[in-house]
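Take a look at the structure below.
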Protein chains: 2
Amino acid sequence: MTAETRAPRPMRADARRNYEKLVAVATESFLANGPDASLDDIAKRAGVGPGTLYRHFPNREALLDAVCVQWADSVAADAAPLLTAEDPTAALNEWLVRLVDHVGAFKGLASALLLSADRKHDTAWVLHHTSEELVERAKAAGGIRADVTTSELMQLTSGVTYACGTSKAMKKPSSSPERLIGLIMDGVRLR
Amino acid sequence: MTAETRAPRPMRADARRNYEKLVAVATESFLANGPDASLDDIAKRAGVGPGTLYRHFPNREALLDAVCVQWADSVAADAAPLLTAEDPTAALNEWLVRLVDHVGAFKGLASALLLSADRKHDTAWVLHHTSEELVERAKAAGGIRADVTTSELMQLTSGVTYACGTSKAMKKPSSSPERLIGLIMDGVRLR
DNA sequence: TGCTAAACGGAGACAGTCTCCGTATTGTTG
DNA sequence: CAACAATACGGAGACTGTCTCCGTTTAGCA
């Protein structure tokens with residue numbers, strides 16, 4: 001087989017236009033109506049037929065992914081200063097809190113993504129990768145236990161996101177993300 | 001007003017029959033197909049029309065609740081031995097792990113319930129109440145920090161449930177509930 | 001300018017939710 | 001043990017959302 005897995009073809013101009021419009025409209029719509037927003041409606045707002053939407057994104061998941069990819073980059077960029085912070089453990093703590101906030105802002109839309117450390121999954125990968133760096137730095141500085149993995153921290157963090165998101169949706173008071181992440185960090189910190 | 005809020009009327013025999021059949025069938029169906037199981041289908045299997053289902057349970061939430069109430073009692077009963085265990089902290093740990101398993105068996109169906117400490121919500125209340133007892137015992141024994149609330153532990157536990165459930169659904173390997181609850185307990189334990 | 005692969009978009013099949021209302025059943029009362 | 005409310009039933013059907021199929025249009029190349 002020739003090396004055609006990459007760049008099979010450059011995508012026609014109108015196709016690209018529609019693709020981008022769809023992602024933009026979808027972002028808006030998912031933020032406004034949550035992850036169950038009507039896809040046909042998104043297509044309509046983007047000025048295309050449902051068929052076009054479904055050709056670009058075979059299912060809701062795919063569209064959600066595309067939306068999240070854009071978002072994940074901005075979130076990861078947010079971490080840059082933390083990577084060189086003086087206290088790596090505090091930086092990790094701060095990052096996890098931000099993660100909860102960011103993911104929460106997406107109405108839990110992306111919380112599943114934290115869990116998959118899969119390279120195929122761009123969003124997840126970006127976030128996992130960033131987290132890993134922070135975790136490694138904290139470990140190297142002797143700030144946290146060596147036996148705790150990044151995945152475990154991501155799982156716990158995604159859990160906090162879920163719990164805070166659900167509580168908010170039910171209008172139940174809940175402890176702040178800071179507090180819950182703090183508790184988790186307490187279990188992980190070396191003393 | 002006369003004290004008629006209680007027992008407004010005893011429910012007709014056929015109504016009760018249908019109610020119970022519906023809950024039974026719904027339990028089965030939710031376990032098999034997750035919380036999105038078709039309600040009309042549940043009605044059909046129970047041998048009633050959709051109208052009947054919707055009269056008893058105005059929406060999916062209500063039916064889910066009814067199913068969970070039954071289930072919560074059995075889960076809480078499971079905790080009885082733990083309430084008198086020698087090591088209250090270990091007992092609490094064990095209880096949280098079981099909670100994750102039980103809730104997870106319901107395919108995350110009930111995980112939202114862990115979060116609402118609302119008296120109105122029977123299911124949540126039973127579980128919260130049981131947890132509270134175990135937490136108090138652990139605190140009294142000096143096993144865990146006094147500043148940690150039951151609600152916080154429930155939030156973290158529901159998060160673990162969510163994370164483990166989602167990982168399983170995506171066929172991603174994830175750390176065991178035991179491990180994650182263990183990490184949480186590490187943050188909460190007095191040393 | 002003309003041709004072809006690529007992309008479009010909307011009609012419509014299908015599935016699920018939920019309501020309305022005519023019909024049937026229950027249990028009570030004389 | 002009628003007969004009659006009150007209560008409950010159930011299914012037709014309106015509505016909403018998902019997703020597909022295929023005839024039509026368009027971009028980009030020669």
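Just so we're on the same page: letters track the sequence lines, and every chain starts at 1.
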When the side chains of residues 84-94 of chain A are checked against the rest of the protein, which donor-acceptor pairs come out under 3.5 Å, sequence neighbours left out?
| from | atom 1 | to | atom 2 | distance (Å) |
| --- | --- | --- | --- | --- |
| A:T84 | OG1 | A:P81 | O | 3.2 |
| A:D87 | OD1 | A:T89 | N | 3.0 |
| A:D87 | OD1 | A:A90 | N | 3.1 |
| A:E94 | OE2 | A:R98 | NE | 2.9 |

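If one axis is set at each end of the helix from C:dT1-D:dA30 to C:dG30-D:dC1 from five pairs, those axes are 10° apart, to 10°.
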Under a 4.0 Å heavy-atom criterion, the protein footprint on nucleotides 24-30 of chain C, written with B, S and -, is -BSS---

Counting primed atoms, P, OP1 and OP2 as sugar-phosphate and everything else as base, the B/S/- map of nucleotides 12-17 of chain D against protein heavy atoms under 4.0 Å is ------

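Taking 4.0 angstrom as the limit, B:H56 places a side-chain polar atom (N or O) nearer than this to OP1 or OP2 of D:dC9. Side-chain N/O atoms of A:N18 include none lying less than 4.0 angstrom from OP1 or OP2 on C:dA7. Neither OP1 nor OP2 of C:dA7 sits under 4.0 Å from any side-chain N or O of A:T52.
The nearest whole Å value for the distance from the CG atom in A:N59 to the C1' atom in C:dA15 is 17 Å. Straight-line distance from the CG atom of A:D41 to the P atom of C:dG9: 16 Å, rounded to whole Å. What separates OH of A:Y54 from P of D:dC22 is a distance of 18 Å, to the nearest Å. Atom CZ of A:R55 is separated from atom C1' of C:dA5 by 13 Å (rounded to the nearest Å). With rounding to whole Å, B:E61 atom CD is found 14 Å from C:dT17 atom P. Atom-to-atom, NZ of B:K21 to C1' of D:dG10 comes out at 15 Å; the value is rounded to the nearest Å. We find that CG of B:L53 is positioned 14 Å from P of C:dG16, with the value rounded to whole Å. The interatomic distance linking A:L63 (CG) with D:dT18 (C1') rounds to 13 Å, in whole Å.
For B:K44, the side-chain contact (heavy atoms from CB on, under 4.5 Å) test picks out no residue, with sequence neighbours left out.
Tested against B:T150, the residues B:Q155, B:H128, B:K139, B:E132 include a single side-chain hydrogen bond (donor to acceptor under 3.5 Å, both in side chains) partner, B:E132.
Between B:D101 and B:P177, the closest side-chain pair of non-hydrogen atoms falls below 4.5 Å. Using a 4.5 Å heavy-atom cutoff, the side chains of B:E152 and B:V188 are not in contact.
Counting only residues at least two apart or on different chains, the salt bridge (charged side-chain N to carboxylate O under 4.0 Å, His left out) pairs with a member in residues 29-41 of chain B are B:D41-B:R45.
Comment: A:R137 does not engage A:E133 in a salt bridge, judged by the lack of any side-chain N to carboxylate O separation of less than 4.0 angstrom.
Below 30°, between 30° and 60°, or above 60°: for A:H56 and A:Y19 the angle between ring planes is above 60°, a perpendicular geometry.
The distance from atom CG of B:L180 to atom CG of B:L96, rounded to the nearest 0.5 Å, is 12.0 Å.
One hydrophobic cluster holds both A:W95 and A:L83 under the rule that ILVMFWY side chains link at heavy-atom gaps under 4.5 Å. At a threshold of 4.5 Å between side-chain heavy atoms, the hydrophobic network of Ile, Leu, Val, Met, Phe, Trp and Tyr places A:M11 and A:V48 in one connected group.
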